Visitor: 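Sending over a structure as structure tokens; questions will come in a sec.
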Amino acid sequence: MQSLIRLLAFFALAFSSSALLAQSTTSVEGPDKVVYHLNEGLAQATNGLRNIRNHLEVNPKAKIVVVAHAQGVDFLMKGKKDANGNPYETIVQDLESQGVKFDVCLITLRNRKLSKDQFIDDVTYVPSGVAEIARLQQREGFAYLRP
């Protein structure tokens with residue numbers, strides 16, 4: 001009888017532990033830290049921004065950094081619009097108001113002979129886009145996404 005009670009207690013504990021584990025792995029509320037890597041131009045930026053909006057819809061607490069370099073900086077330039085004629089600046093401002101940070105690679109600016117005054121006000125600049133992505137992943141524990 002006592003071994004039956006122990007067995008039932010074991011199964012009850014195992015069941016409750018697995019239920020808690022399932023609940024914690026499916027929860028979308030939490031401190032996600034994600035770096036989105038954009039380097040291919042406007043089409044990739046459009047997809048990435050949609051992904052970020054979707055991400056924030058289900059997890060508004062997510063900490064998101066967008067790192068742009070090469071052709072990926074284009075959507076952050078003044079006057080750029082998506083295929084539907086929507087200004088990227090409006091989308092970026094909306095996402096920034098939700099805590100998203102937008103980093104632009106200074107090496108890209110140098111190599112493409114671009115200047116900071118060509119970019120919207122809602123960006124920050126990092127010495128190297130790829131180095132910033134590596135830093136965020138290795139030193140700060142950010143997950144990496146590339147749309």
Side-chain angles (χ1 to χ4, degrees), residues 8-147:
L8 290 173
F10 171 78
F11 283 120
L13 180 62
F15 177 75
S16 65
S17 295
S18 64
L20 286 173
L21 180 60
Q23 182 181 18
S24 68
T25 59
T26 59
S27 174
V28 294
E29 294 297 322
D32 287 354
K33 296 188 325 182
V34 181
V35 57
Y36 280 79
H37 178 191
L38 301 179
N39 69 331
E40 293 182 2
L42 298 180
Q44 183 197 31
T46 298
N47 290 335
L49 294 171
R50 184 183 61 247
N51 291 165
I52 293 166
R53 283 192 302 258
N54 292 343
H55 193 148
L56 290 171
E57 182 181 325
V58 298
N59 189 351
K61 294 179 183 178
K63 181 176 181 181
I64 296 175
V65 177
V66 176
V67 178
H69 68 98
Q71 303 305 310
V73 304
D74 292 357
F75 81 102
L76 294 167
M77 297 177 78
K78 292 176 182 173
K80 292 291 182 171
K81 297 180 179 182
D82 67 16
N84 296 320
N86 301 310
Y88 282 108
E89 185 171 7
T90 304
I91 300 165
V92 169
Q93 288 171 341
D94 178 55
L95 291 173
E96 186 183 49
S97 74
Q98 297 177 64
V100 178
K101 182 180 175 212
F102 292 85
D103 290 342
V104 173
C105 172
L106 287 172
I107 292 174
T108 294
L109 269 63
R110 183 188 70 213
N111 290 345
R112 291 184 58 192
K113 297 177 179 35
L114 300 171
S115 64
K116 290 181 180 179
D117 65 340
Q118 293 177 271
F119 289 85
I120 61 176
D121 294 334
D122 302 306
V123 301
T124 56
Y125 298 91
V126 294
S128 165
V130 293
E132 182 65 7
I133 291 167
R135 185 188 72 75
L136 288 168
Q137 285 184 271
Q138 290 187 336
R139 297 184 194 161
E140 295 193 30
F142 277 67
Y144 173 85
L145 291 176
R146 187 167 179 262

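This is a predicted model, so every value here is computed, not measured.
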Visitor: What distance do E96 atom CD and K101 atom NZ have between them, rounded to the nearest 0.5 Å?
Guide: 10.5 Å
Visitor: Please round to the nearest 0.5 Å and tell me the distance separating atom CG of L109 and atom NZ of K116.
Guide: 8.0 Å
Visitor: For A45 versus L38, what's the shortest heavy-atom pair and its separation?
Guide: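 Between these two residues, the closest heavy atoms are CA-CD1, 4.2 Å.
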Visitor: Which pair of heavy atoms, one from A62 and one from H55, lies closest together, and at what distance?
Guide: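 For A62 versus H55, the nearest heavy atoms are CB-NE2, 3.7 Å.
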Visitor: Would you say R53 and I91 make side-chain contact, with heavy atoms under 4.5 Å?
Guide: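 Of all side-chain heavy-atom pairs linking I91 with R53, at least one is under 4.5 Å.
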Visitor: Side chain of Q137, backbone of A134: donor and acceptor closer than 3.5 Å?
Guide: no
Visitor: Would F142 and K63 count as a side chain to side chain contact (heavy atoms under 4.5 Å, CB included) if you check the C-alpha gap in whole Å, the side-chain angles of each, and the deciding distance to 0.1 Å?
Guide: CA-CA 9 Å; F142 277 67; K63 181 176 181 181; 4.0 Å; yes
Visitor: Between E89 and K81 (salt bridge meaning N to carboxylate O under 4.0 Å), is one present in this structure?
Guide: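 No.
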Visitor: Between CG of D122 and CG of L95, what distance do you get to the nearest 0.5 Å?
Guide: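 Atom-to-atom, D122:CG and L95:CG are 10.5 Å apart.
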Visitor: Can you give me the closest heavy-atom contact between E40 and R146, atom names plus distance?
Guide: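 Closest pair (atom of E40, atom of R146, distance): OE2-NH2, 2.5 Å.
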Visitor: Pick one: which of I64, V67, V100, V65 meets side-chain contact (heavy atoms from CB on, under 4.5 Å) with Y36?
Guide: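 For Y36, the side-chain contact (heavy atoms from CB on, under 4.5 Å) check succeeds only for I64.
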Visitor: Distance to the ring centre below 6.0 angstrom and angle to the axis at most 45 degrees; does that hold for K78 and F119?
Guide: no
Visitor: Residues in side chain to side chain donor-acceptor pair (under 3.5 Å) with R112, at least two apart?
Guide: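 Checked R112 against side chain to side chain donor-acceptor pair (under 3.5 Å); matches are D74.
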Visitor: Between V73 and N39, is the side chain to side chain contact (heavy atoms under 4.5 Å, CB included) condition met? List the steps.
Guide: CA-CA 7 Å; V73 304; N39 69 331; over 6 Å; no
Visitor: Say you draw a straight line from CG of N111 to SG of C105; how long is it, rounded to the nearest 0.5 Å?
Guide: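 If we round to the nearest 0.5 Å, N111:CG and C105:SG are 8.0 Å apart.
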Visitor: Can you tell me how far CG of N86 sits from NZ of K80, rounded to the nearest 0.5 angstrom?
Guide: 15.5 Å
Visitor: For the OG1 atom of T108 and the CD atom of Q71, what is their distance to the nearest 0.5 Å?
Guide: 8.5 Å
Visitor: If we only count heavy atoms from C-beta on, is the L114 to M77 side-chain gap below 4.5 Å?
Guide: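 Counting from C-beta outward, L114 and M77 do come under 4.5 Å.
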Visitor: Go through the steps to decide whether K33 and L136 satisfy the test side chain to side chain contact (heavy atoms under 4.5 Å, CB included), and finish with yes or no.
Guide: CA-CA 9 Å; K33 296 188 325 182; L136 288 168; over 6 Å; no
Visitor: Give the minimum heavy-atom separation between G48 and P147, together with the two atoms involved.
Guide: CA-CG, 3.4 Å
Visitor: Can you list the steps and then say if E132 with H69 is a side chain to side chain contact (heavy atoms under 4.5 Å, CB included)?
Guide: CA-CA 10 Å; E132 182 65 7; H69 68 98; over 6 Å; no
Visitor: Using the rule side-chain contact (heavy atoms from CB on, under 4.5 Å), only one of L76, T46, I120 pairs with Y88; which is it?
Guide: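 So the option named by the test is T46.
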